[in-house]
Enquirer: 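Once you've had a glance at the structure underneath, I'll fire off some questions.
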Amino acid sequence: MVPSNSNQSSVPVDRTDKAALFAYDDGALSDLSVSNVESKAQTWWWIGFIISVSMLLCGVYYIANLLYDGLGLWGLNYPVAWAWDITNFVFWIGIGHAGTLISAILFLLRQRFRTSINRIAEAMTLFAVICAFIYPLIHTGRPWYAWWLLPVSNPSATYPQFRSPLSWDVFAIITYFTVSFLFFYIGTLPDFALLRDRSNSKVKKYIYHILSLGWTGSSKQWLHYEKTYILLAALLTPLVVSVHSVVSYDFSVSLLPIWHTTLLPPYFVVGAILSGIGMILVLIIPIRKFYKLEGVITVKHIESLCKIGLAGSCFIGFCYVIEYFGAYYTDDIVMIKELKSRIGGSYNFFFWLTIIGSVLAPQLFWFKKARTSIKTVFVVALLINLGMWSERFVLIVLTLSNGFLPSTSGHFKPTYVDILTFVGSVGLFLTLYLLFLKFIPAIAVAEIKGAKAVVSGAAGDKKIPSSVNIKAIPQKPYLMVGEYDSIDGIVAALDKIKKTGYKLFEVYSPFPTGIAEKSILSKKTYSGWYAFIGGLIGIALGLFIVWFMNAIDYPLNVSGKPLFNIFFAAPVAFEISVLFAAIGAAAGMFLPRNMPKFSSPLFKSERFSASCSRDKYYISVDSADEKYLLDRTRDMFISTGASNIELIEK
Amino acid sequence: MTRREFLKIATTTSLAMPLVVSSCRRPEEKIVSLAKPFGDVKPGQTVYYATAMPSRMSALPLIVKNVDYHPVKIEGNPLYPKGGGTNRFAQASLFSLYDPLRSSRFLKRANERMVDTVADDVWRVIHETERELENGAGLCILTGQTSSPSFERLIAGIIEKYPQTKWFVYEPIDLDYPNYAASKIFGDDVCILYDLSKANVIVSLDCDFLDSEEDAIFNARDFISTRDPIEMSRLYSIEAGCSLTGAYSDNRLAVSSNLVQAIIAGIAYRIFSAKKIFDDNVLKKLRELSAPASKYNNSINIFVKDLLSAQQSGDKKPIVMAGYRQPLIVQALAIAINFALNSVGKTVVIKKRNRLKPSGSIYDLATLLKQDAVKTLVISGTNPIYDAPVNLDWKQVQRKAQRIIRLGLYEDETTAESDIHIPLKHFLECWGDARNLNGTLLSIQPVIQPVWSGVSEIEFFSRLLGNKDNSDYDIARHTSNFKNEDWNKFVRNGFLPNSEWKDFSEKYDNDAFRKIIDSVKVVPQSSEIEINYYRSFAVDDGRYFTNVWLQETPDPITKVVWDNPALISPNTAKRLGISDNNGVVQTVAEVIEIQLKGRSVRCPVVIQPGMADDVVALTLGYGRRINSDFGKMNFEIGFNAFKLRDGDNPYFEIGAELKIVNGSYEHIARVQPDSKNPDEDIIIESDLLKYKAEPNFVKKILENSNKKKPAIKKGERLYKSPELNGNHQWGMVIDLNKCIGCGVCMLACRSENNIPVVGKEQALRRREMDWLRIDRYYYETKQGVKIRFQPVMCMQCETAPCEYVCPVNATVHDSEGLNLMVYNRCIGARYCLNNCPYKVRRFNYFDFNKRIAKEIYNSEATDDELISSVLKKLIGKRDDTAIEKLLALVRNPEVTVRMRGVMEKCTYCIQRIQNAKADKKIKAGDSPNVLIEDGVVKTACQQACPVNAIIFGNLSDPNSEISKTVKQNRNYGLLVYLNTKPRTTYLAKITNQNPELNAGLPEERINEH
């Protein structure tokens, strides 16, 4: 099915997304939203893909070299033992955060503008976390022993040392990736179903069928889906804060000047949001152009993102000021010296790049003119990325190159391997991103339809059914399925169904209507309980791991610190708890035996398959229902304006 | 025998073969161990042997630790009076023994090329030569200086048998020059020794008696013994460059080397006038001579006043010392002043030497060669093609000899220009004997069968005498003429007690002195630039050029490794327009061209604070290329300053022109930036008078420091720490007042702990691996630049910041307070290094232990004019694994060799602690007495330190030396405000400045923030 581009060109770029979305009906919206998957790869995609893959291969080659030869290929040295590796790690993790912010926090805050961009943002999160994850692995001296970071007994019979923020990192990243992935995947299920229904090729259909886990869009599925989705969003929100806080502990737990401040956790979180907003702007601006999504991702969206960016930039600017203020207020001369060398020292270029990129440039967003000028926004977004990268670089490298003892100061100079591994990680990110654009709808179709449905107030029209497709009555039990063009029909039908007293019926819709779920079906889902129990187990397990491994089975005197203390057990317990809660929430969606369920009688109906995930609504009534009578039920469908009635064998 | 059995046996035998062949060799002659008789050495057991390391005119008594028949560590001989410590070269000589670049084959010239040959072939030629000799006409022998009685006996024997034989001695850096000058004055072969333990005021005129003079470690030991802050001696240093003596001195005067003459003349003039010793003519001449130093009259007056008043005090006496770099007149004046101050016989001891005199110097040999009077020239040890004075044009001159026989440790520049090359044995492979500077007879015994084929010098000369089968053992025994018991005792102890030279009792000759004074011309004042040539801290005069341990040990002052940049003062740099890039980016140096009387060299230049203005300091011994059948140093290291050096002015010459070579830069690897004016609490220092007035100044400084203090009050804890309940609680104190910054501890640590060498390229990237480093700080005071040293190794913090950040428990604490590093558990996250406020941890960015073979010896080198075309062809087979196997021998078998990706650091030589504990436990048996006595465990750095600046021991024993030391009011910990509770602490430095010199010059730090 090739989307028609005719009505897009006629859509004027309006300042409000409401109006813009109204220019489409659900079908057109579906066509548009999956156009990135269905359209043949354009030239720009191929060029981008080839470049990205070459960058990736280059990175792979140099990482292989690095593994073979040693870390010396990077420019790391004696005082500066962390440089680009950790800079890039923090940079990628930071980018990941904006994705979660947009998809989870804005979801919780009911910011509906997020629906146009949340898929892109979530994908960005996943890929950025993958890129980030590579660095801690390859930056260790002996990466083949990196598994010793996992909470299992290693060959020397010891365990991880949980006073170290590096061991918290492991849990934070694993949890973050897992939860983000669940969130992304569950959110994509209805769209996979849409792609499955639209695919012509058998292979594609089969793959999307598997990926969609047999999604039909039944109200039962939507009910669990929504509950789980909101739970995951709720779990992700503290995770966003915690993961970047844990990353900041890598610095603030140390005793080095500038690193050793309580300012770092909020500083990192806000920085992450800012850099992520920068990155998402960089990504969506070309995408909306290439896929002609200006009508879905409107200037309004970009403006909203700019506003968040502006807030982040002001906050980060405030953090910079507080950093200096703190140093002067505490009269810590080592810190003052170091902060001074930021301004005038050998890395001052990067310091000023930070100030310009992440503080000054976003100030343009105070002006509507700048916010609405796509070119300006794009340039500023790029500057934000540069600025945030150099912020991390300055924070890490400058601190390490100025020691407590003047004799230990040093200087870091990157080697070409440093640069090319970074290029490789950018390549990986872009490759994954382009593949995502090729195979997964860039717009959360179901959600955007839902968003539009709510604003439209379910203004449906009453139509005489175009066809009543009752040919032969099957011998076996069957379903009578009525097809509707609008939610209004369903509302009316549900009224009648209720009155009649049907019990075995089901509503199918391309997006969660809220009506069927609320009014008819039992509201009970267990996701919340699963999540709660998972979370409790997680906390207990986390505390046990730390206590057993560090205080009981192999107690060691580490820095004269206590063998067990809630303070250093807390991050691990928290992360494991969130991980288990998220897994619990997801289990809440799958365990009530509604998914995965790869077969459904409705798939036999071509009409259903073609349109239910697109723009039509269906109600099925089981012939086994006590109140079922062929005529009564058919009349009920006809009178409520079903556009088609079908009998489907179970 | 079945096929199977045969294979089994064959495999086992072949596997065992390398072991049998490589490790089971044992010296054939009977060597006598220090502790136990020979014969019951078990594999892995440690045996110590006494030997001595010959230097130019002296030798250093040593003991060598042997494990499995090969030496693994070198220490000073503690039995020797004033012995115990070592110097850098002695520590590093262990590497020289296993140096892959050492000459390993006999060579002879065939068709204008040096080709491999067998020993017998060479000996045949030698015998032919011997037969041709009738009375020795045409036979010339050129050697370096030596103190070996056997050597002298053989040379004397040759001259007796062939009376026309001539023996010449050439040392590019002649440390014996003060004795030569004294001999000239006294008309007899004498040597001057100093007893610094009795000195109260010392004026050192360009005399680095703490480091680069002969037998410096004994001087250092004596001198430092007078530096307890109760009754301290005072040291004035007058010098052009920055020596360790200058850095240690209480008052330092930076003047160009040619002004030293004027300054000592000024001192002499005033002292002689006061004492009325010489007549007016002499005084007048002295006054003339002192004219150029009129600028320094104030200082000179103060020196003189101090010297005269010091002379009055009972048994202690002042000394005026002149360094080997200064000309005859300065030496003569120093001797005369010491006589005038009545120091001779007390602090200055003159001994009568009894040695064979050479026929002349290299100049006399050159004259003979030019007359075509040399048939056979034997060059042993010394390397004149590389280091002969340029005005000799030695390369051309040497060719006049018909046959050149060369004995060398290396196939070097002179080898390429010889007809026969004979590889020499390393001193650890030889029997021999030597004399210390004071004449004490020392024994040299081999501790390993020669690694390569080779002969010792004395074996060669014995052959030349016609004694074909004499081994060096026979020769040394014959020279000593000891009975069996005496011989055993002699080699067991390593020295013969009471064998010093006799005191020289004759009065000195005023006439000779007068003659010297009369012959001296007044140096005209000049503003031209003076070139100074210095002995290298690392490679001496080039003889240790291939020793990578020394190459990688930073110069104590400049902190440069693997290089010898020219040094100039900041003012001179400003005048010449050389930019000061000595800040954080230390690797790039501008290149200058130095022109001196038609000769010129290009070299990188580094700005050295504290140097005299208008002076360029060049370090000799670099810019060499060494080849062997194993490969070569793969990059050019430094430049050859000998190319500029003229024999008439061997150590300094005025009239140089400096030009910046525009746009040309070189990379200089420096392991520390120029750290100026560090905060007051890093090196805590006071002057003697202030210290006496305020003995608790350390506490005061720490309390007044404006650095962040821990929020927790003393005594309060946020949490309860696990107890440190071990039997011993180890601790270390470094006495900054004793430390002279020589760096021998770094080499001892490298040797003991198998610290890898990383090479210049990696050093440029700042990846040096030293567990112990010596921080050098400059203080800009109104009197000039002060230089201070601070050895820093792991502080074994009780609340170590490195430990809690390690995610895998790779660094943890033990019950005895040691901050352990478990290499096996390390994954290399490097957080510990980041979080260490002292930055004492080192990370293996590469597999440095394996990399050295590839990096340093086996890469392709670019062409260089230094290598003659003949030598280039000599590059033989290259084999990484062979080098690796060879270098494995140098390692201490008790210490792990770290692989790449692993963090490493000092653990107070834990292997020594564990050995001592095991020994003690075996001794204790069932009794509970398992405490190690104080002083039994010595760390490698402590043992090597010549001045006992490092004290180590058990803090929980209240009677141990360390417990007493930490109670001293000078004790302080570094960066304690971070609440690290370091176990290694320091004793503050106390200087004894002359308050008069400081009058009007309040000593304030110039704060430069």
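Chain A is the first sequence line, chain B the second, and so forth, proteins listed ahead of strands; every chain is numbered from 1.
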Enquirer: Side chains of A/L405 and B/L974: closer than 4.5 Å at any heavy-atom pair?
Expert: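 Yes, their side chains come closer than 4.5 Å.
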
Enquirer: Please name the pair of heavy atoms, one in B/P673 and one in A/P406, separated by the smallest distance, quoted to 0.1 Å.
Expert: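 Shortest heavy-atom separation between B/P673 and A/P406 comes out as CG-O, 3.9 Å.
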
Enquirer: With no hydrogens and no angle check, do the side chains of A/S407 and B/Y777 hold a donor and an acceptor under 3.5 Å apart?
Expert: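 Checked: A/S407/B/Y777 side chains pair up, N/O donor to acceptor below 3.5 Å.
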
Enquirer: Go through the atoms of A/F251 and report whether side chain, backbone, both or neither lie under 4.5 Å from a heavy atom of chain B.
Expert: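 For A/F251, the contact with chain B is made by the backbone alone.
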
Enquirer: Heavy-atom cut-off 4.5 Å, strictly under: side chain, backbone, both or neither for A/V170 against chain B?
Expert: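 Neither part.
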
Enquirer: Could you look at A/L66 and say if it's the side chain, the backbone, both or neither that has a heavy atom under 4.5 Å from chain B?
Expert: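 Only the backbone of A/L66 comes within 4.5 Å of chain B.
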
Enquirer: Quick one: what part of A/F568 sits under 4.5 Å from any heavy atom of chain B, side chain, backbone, both or neither?
Expert: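 It is neither, since no heavy atom gets under 4.5 Å.
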
Enquirer: Between A/G403, A/G141, A/S559, who has the most heavy-atom pairs with chain B when the cutoff is under 4.5 Å?
Expert: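 Most heavy-atom pairs within the cutoff with chain B belong to A/S559.
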
Enquirer: Under 3.5 Å, side chain of A/R163 to main-chain N/O of B/P807, donor-acceptor pair present?
Expert: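 Side chain of A/R163 to backbone of B/P807, a donor-acceptor pair under 3.5 Å: no, none is there.
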
Enquirer: State, yes or no, whether a side-chain contact exists between A/L255 and B/N835 at a heavy-atom distance under 4.5 Å.
Expert: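 A side-chain contact under 4.5 Å exists here.
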
Enquirer: B/Y977 vs A/F404 aromatic rings, parallel, tilted or perpendicular, using cut-offs 30° and 60°?
Expert: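 Judged by the thresholds at 30° and 60°, the geometry between B/Y977 and A/F404 is perpendicular.
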
Enquirer: Return the option, out of A/W148, A/W82, A/Y145, with the maximum number of heavy-atom pairs under 4.5 Å with chain B.
Expert: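 Between A/W148, A/W82, A/Y145, the count favours A/W82.
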
Enquirer: Verify whether one side chain among B/K839 and A/Y78 offers a donor that lies under 3.5 Å from an acceptor in the other.
Expert: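 No, no side-chain donor-acceptor pair sits under 3.5 Å.
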
Enquirer: Please flag which part of A/V334 lies under 4.5 Å from any non-hydrogen atom of chain B: side chain, backbone, both or neither.
Expert: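 A/V334 touches chain B through side-chain heavy atoms alone.
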
Enquirer: Taking the side chain as every heavy atom from C-beta outward, state whether B/H813 and A/V558 have any atom pair closer than 4.5 Å.
Expert: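 A side-chain contact is absent here, since even the closest heavy-atom pair is not under 4.5 Å.
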
Enquirer: If you round to the nearest 0.5 Å, how far is CG of A/L400 from CG of B/N834?
Expert: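 With rounding to 0.5 Å, CG (B/N834) is 4.5 Å from CG (A/L400).
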
Enquirer: Given a strict heavy-atom distance threshold of 4.5 Å, which part of A/D169 is in contact with chain B: side chain, backbone, both, or neither?
Expert: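 For A/D169, neither part sits under 4.5 Å from chain B.
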
Enquirer: Check whether A/L256 gets within reach of chain B through its side chain, its backbone, both or neither, counting any heavy atom under 4.5 Å.
Expert: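 Both backbone and side chain.
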
Enquirer: What part of A/I86 gets closer than 4.5 Å to chain B, counting heavy atoms only: side chain, backbone, both or neither?
Expert: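 Contact with chain B involves no heavy atom of A/I86 at all.
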
Enquirer: Does the side chain of A/D85 come within less than 4.5 Å of B/R830's, by heavy atoms?
Expert: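 Sidechains of A/D85 and B/R830: in contact.
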
Enquirer: Non-hydrogen atoms of chain B under 4.5 Å away: do they reach the side chain of A/W74, the backbone, both or neither?
Expert: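 Interface part for A/W74: backbone (N, CA, C, O).
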
Enquirer: Verify, without hydrogens or angle tests, whether B/E798 (side chain) and A/G560 (backbone) share a donor-acceptor contact under 3.5 angstrom.
Expert: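 Not at all, since once roles are kept as given, no pair shorter than 3.5 Å links the two residues.
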
